[in-house]
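Encoded as structure tokens, the structure appears first; notes follow it.
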Amino acid sequence: GGKVPVLAPAVDATTGRRIGTFVLLLKVASANNGPKALDNNATNNNTASSGLVSIVGLSTLTEHLGIAPYLDCDSPPPNSQQVASPPTVAGIRRRQVATMGSFVTPRFLEYMAHVRKRDASLLKDRYDGYYQSLTSEVEDESDVPLFKRRTPRPFRPSNSRGDALLAGIGFNVHIQSLSLNILQEDGSNPAMQARQAAVTQSVTHGAPADHARGFGEKANEDGNASVGVVGDSSKDSAPRGGLRRLESRRLEMAKELDDSVTGLISAVGDHFKSRSQSTASRQQSSIKPSRHIPPNLPAILHYRTKSMECSQRLHSVTWDIAVRRANCFSQALGIAVTSYMASLSDGGPAWSRGFGGVWARHGYLVVFEGLLSAVGKELGMIEDASVAISMLRMVSVVLMPDDTNFTTAPNGNDASRQRIPVPHSPYVRWVHLTSQTTPQSSSKTHYRLEIGLDPSFYLSRVPEPLKNGVPVRFFPILFQMGVDIRQWGVNAGRSVAMIQMKDKSSKGIGGVGGDADTEVGENEPNSGSILDDGDEDEGDSIPDNEINIALNVEGYRKLNAYAHSANPTMVDVTPASAPAPAFDSSEQQSSQQVPQQPLHPTLVSLSEAIRTSAGKMEHAVLDRAATACQRFGGGSTVFCKSGKDRTAMQVTFKQAQFVQRFMDKKDDRAVLEDTPISYENVFAKSTLMRKHGNRIPICEKNAGEPKFAFNPLQRKFMPEMLRPEAGLCTWSKPET
């Protein structure tokens, strides 16, 4: 309770000698109670380790270094900096760093406080806006054009990608369901009776990426491009791209900081060694030796300045990544939950093939099929989506009956403030999301999503293995393959503009690739974008020739681990006795599986497709991944940039495959996925579904025109199985 002053030495900047002492007494001004002395015994419930950086699963990368200030992790206790006995290398290093003061400037802290306050305010405003929209009355939009309506309430159209207020909601999300029914005659009733025989479902959506923040240079509040953090004049210091690239750059920044701190420690050590040699002579002349380091020593000044610059860049990009992760993860979570709930419906894998127990033990497999091109903005979308999808591994879903007796949330607040109502659903009453972080480790975040269901629906429709509070952890996997002219250009090392010019110059002699001749009714537009939605690429358009195969190899390894658990091949091993699959190397350390598993027999064709896909638009990667997902009872999602054109081609092709396999299956006991099919028949059925199914109305709902947004040049470079009829496409720029 006493006022304890702080004594700080005053050092001559020229000579480095101590010339006096400053006596400081810090006070905190309170708006309500006037000035208060700083209370060392006060506790703060909102610790740094429970902030946004920790919530989105990021490690600060500075905890092990002991670098102050601790912006995103808790400050260590006072005695934690003491060197252990016997001393460890890490302990000695932390102690050395702890004696060197702060590694950021007051100006930078002021800047970061402003940025974080602004972003936190935006997140709060977004939550308030979502909650108000959910609970408000639905307006009558019967006189509003279809593509301008905002009903149904949960729907977000693709032309809202750039709206920052909606950045946390997945856009153009639909459940594409196909039910095959067998008509049977009833002797007592002349009418034909329909019996459901098979169901397939896929969730279609736009890319779960932070479209509002963009993928080029970071923008300031006034819309101007940022030059990086405060005090850094290097324009290249503001990293470009999506999360995968940003997080890779962040690791490089952490390594630069570590090297700079090592250099600083070495320079300080050299200074003390040099000074120790003159200690005896100073003592003989009665000059009191100084324990302080002069600020004008070149080596120390160099490494100190560099360490501060690296620390500030790392803190700045860490916060940017945290906000971006929050926006992308929120979208991916909504999409994955949609897939999970759809899989519980009649005819879904939980009921038709009894996969509920597999999900409870090994996790719910959800495979994302990406159709983006690895260049320009879409490369940034791939980078965002890949990280957001991986983050779903942190989530476990618990299905619960709506219990009005539950009145208190885990943190002691009223449950009605924690539960988010879902008034537009006849079965889902509310959702409740909580996060938990393992102490002393901000990278071990785990989410628990409770979904409150209508009690009668819960009792009659939820499989027994998923009842009684059983958590089901997501097992998310991404497979990615560009399927349009831009990906063709990436593979060929040519830009879209070059392809367009060559195509125009070769009219009448066969054109470039794909269809040699323009079909009847096709007219090349005189102007306009060759990109769907009229969304031109801008900024960094350097392609990434390796990202697709890298992501697909990662996806194969994860799917192979899941296959050995959900469909074991070893004798006397069943899904109930098989060990849980390891999602990545961090889980392998604690799992009972061997790190390198053999190739699962059902994934041989997928492995071969990935192996031969380098430099090609190999659609077989997506096709075989989707087939494997269906075999293992997983959920499927398909996305491109907007979720309407390329996505429509892929999902209708998958549905046509499903129908053809069902029709060609000779034995009811045979596995549907093993049925050989004629792709000529599949292509014909795909065309019927594109022409008469629900995908064209989805285009109209989003863009105002009931046609797919492909022009002749785009069609020419698409894989055959995804190429629509010319009459289903429009060459005009859709209204967005």
Side-chain angles (χ1 to χ4, degrees), residues 45-46 50-52 54-56 116-141 149-157 159-174 205-206 208 210-213 322-338 340-341 388 391-392 394-436 445 447-454:
N45 293 327
N46 296 322
S50 62
L52 181 63
S54 173
I55 287 175
V56 297
R116 295 187 177 205
K117 181 178 180 181
R118 178 199 64 199
D119 291 341
S121 178
L122 289 174
L123 291 172
K124 181 181 182 301
D125 291 344
R126 186 184 301 169
Y127 171 86
D128 292 340
Y130 293 174
Y131 196 93
Q132 182 179 1
S133 177
L134 283 170
T135 56
S136 61
E137 295 293 331
V138 179
E139 298 178 1
D140 182 13
E141 296 185 321
R149 294 178 187 174
R150 291 299 177 260
T151 54
R153 180 58 56 84
F155 181 73
R156 177 190 173 195
N159 55 28
S160 67
R161 287 195 305 270
D163 191 334
L165 179 63
L166 303 177
I169 303 175
F171 60 93
N172 201 18
V173 180
H174 298 270
H205 55 94
D210 199 344
H211 303 267
R213 292 174 75 89
V323 174
R324 196 176 195 96
R325 269 191 167 220
N327 293 336
C328 299
F329 171 64
S330 179
Q331 296 181 43
L333 178 59
I335 294 164
V337 171
T338 300
Y340 181 62
M341 297 304 295
M391 290 176 67
L392 292 172
M394 301 188 296
V395 180
S396 294
V397 180
V398 180
L399 302 178
M400 305 175 64
D402 183 19
D403 182 6
T404 56
N405 295 325
F406 181 80
T407 58
T408 304
N411 60 2
N413 295 331
D414 181 68
S416 63
R417 296 291 298 170
Q418 299 294 319
R419 291 174 169 178
I420 307 300
V422 188
H424 53 265
S425 172
Y427 306 118
V428 180
R429 298 291 177 81
W430 48 262
V431 295
H432 181 212
L433 181 67
T434 57
S435 65
Q436 182 178 6
T445 302
Y447 290 92
R448 176 185 173 94
L449 177 64
E450 297 175 351
I451 301 178
L453 302 174
D454 175 81

Does any donor atom in the side chain of N327 or R126 lie under 3.5 Å from an acceptor atom in the other side chain?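 Yes, a side-chain donor-acceptor pair sits under 3.5 Å.
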Is there a side-chain contact between [X] and [Y], using heavy atoms and a 4.5 Å cut-off?
X: H205; Y: N172; value: no
X: L453; Y: L399; value: yes
X: H424; Y: L134; value: yes
X: I451; Y: M341; value: yes
X: R324; Y: R213; value: yes
X: F329; Y: V56; value: no
X: D454; Y: P426; value: no
X: P421; Y: T135; value: yes

List the atom of [X], the atom of [Y], and the distance in Å for their closest heavy-atom pair.
X: A332; Y: P208; value: N-CB, 4.2 Å
X: R419; Y: Y131; value: O-CE1, 4.3 Å
X: A164; Y: A212; value: CA-CB, 3.7 Å
X: L166; Y: R156; value: O-NH1, 2.8 Å
X: D125; Y: L165; value: O-CD1, 4.5 Å

Take S396 and L449 through the test side chain to side chain contact (heavy atoms under 4.5 Å, CB included) and record every step on the way to the result. CA-CA 6 Å; S396 294; L449 177 64; over 6 Å; no
Once rounded to the nearest 0.5 Å, what's the spacing between atom [atom1] of [X] and atom [atom2] of [Y]?
X: L333; Y: M391; atom1: CG; atom2: CE; answer: 9.5 Å
X: R448; Y: L433; atom1: CZ; atom2: CG; answer: 11.0 Å
X: L122; Y: K124; atom1: CG; atom2: NZ; answer: 11.5 Å

Given side chain to side chain contact (heavy atoms under 4.5 Å, CB included), test Y127 with I420 step by step and report yes or no. CA-CA 10 Å; Y127 171 86; I420 307 300; 3.5 Å; yes
Hey, is OH on Y130 packed in by over 12 heavy atoms from elsewhere, all under 6.0 Å?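 Result for OH/Y130: enclosed.
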Indicate the ring-plane relationship of H211 and F171, choosing parallel, tilted or perpendicular according to the 30° and 60° boundaries.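 Because their plane-to-plane angle is over 60°, the rings of H211 and F171 count as perpendicular.
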Check whether any side-chain N or O of [X] sits under 3.5 Å from a backbone N or O of [Y] as a donor-acceptor pair, and report yes or no.
X: S330; Y: A326; value: no
X: S160; Y: P157; value: yes
X: Y447; Y: L392; value: no

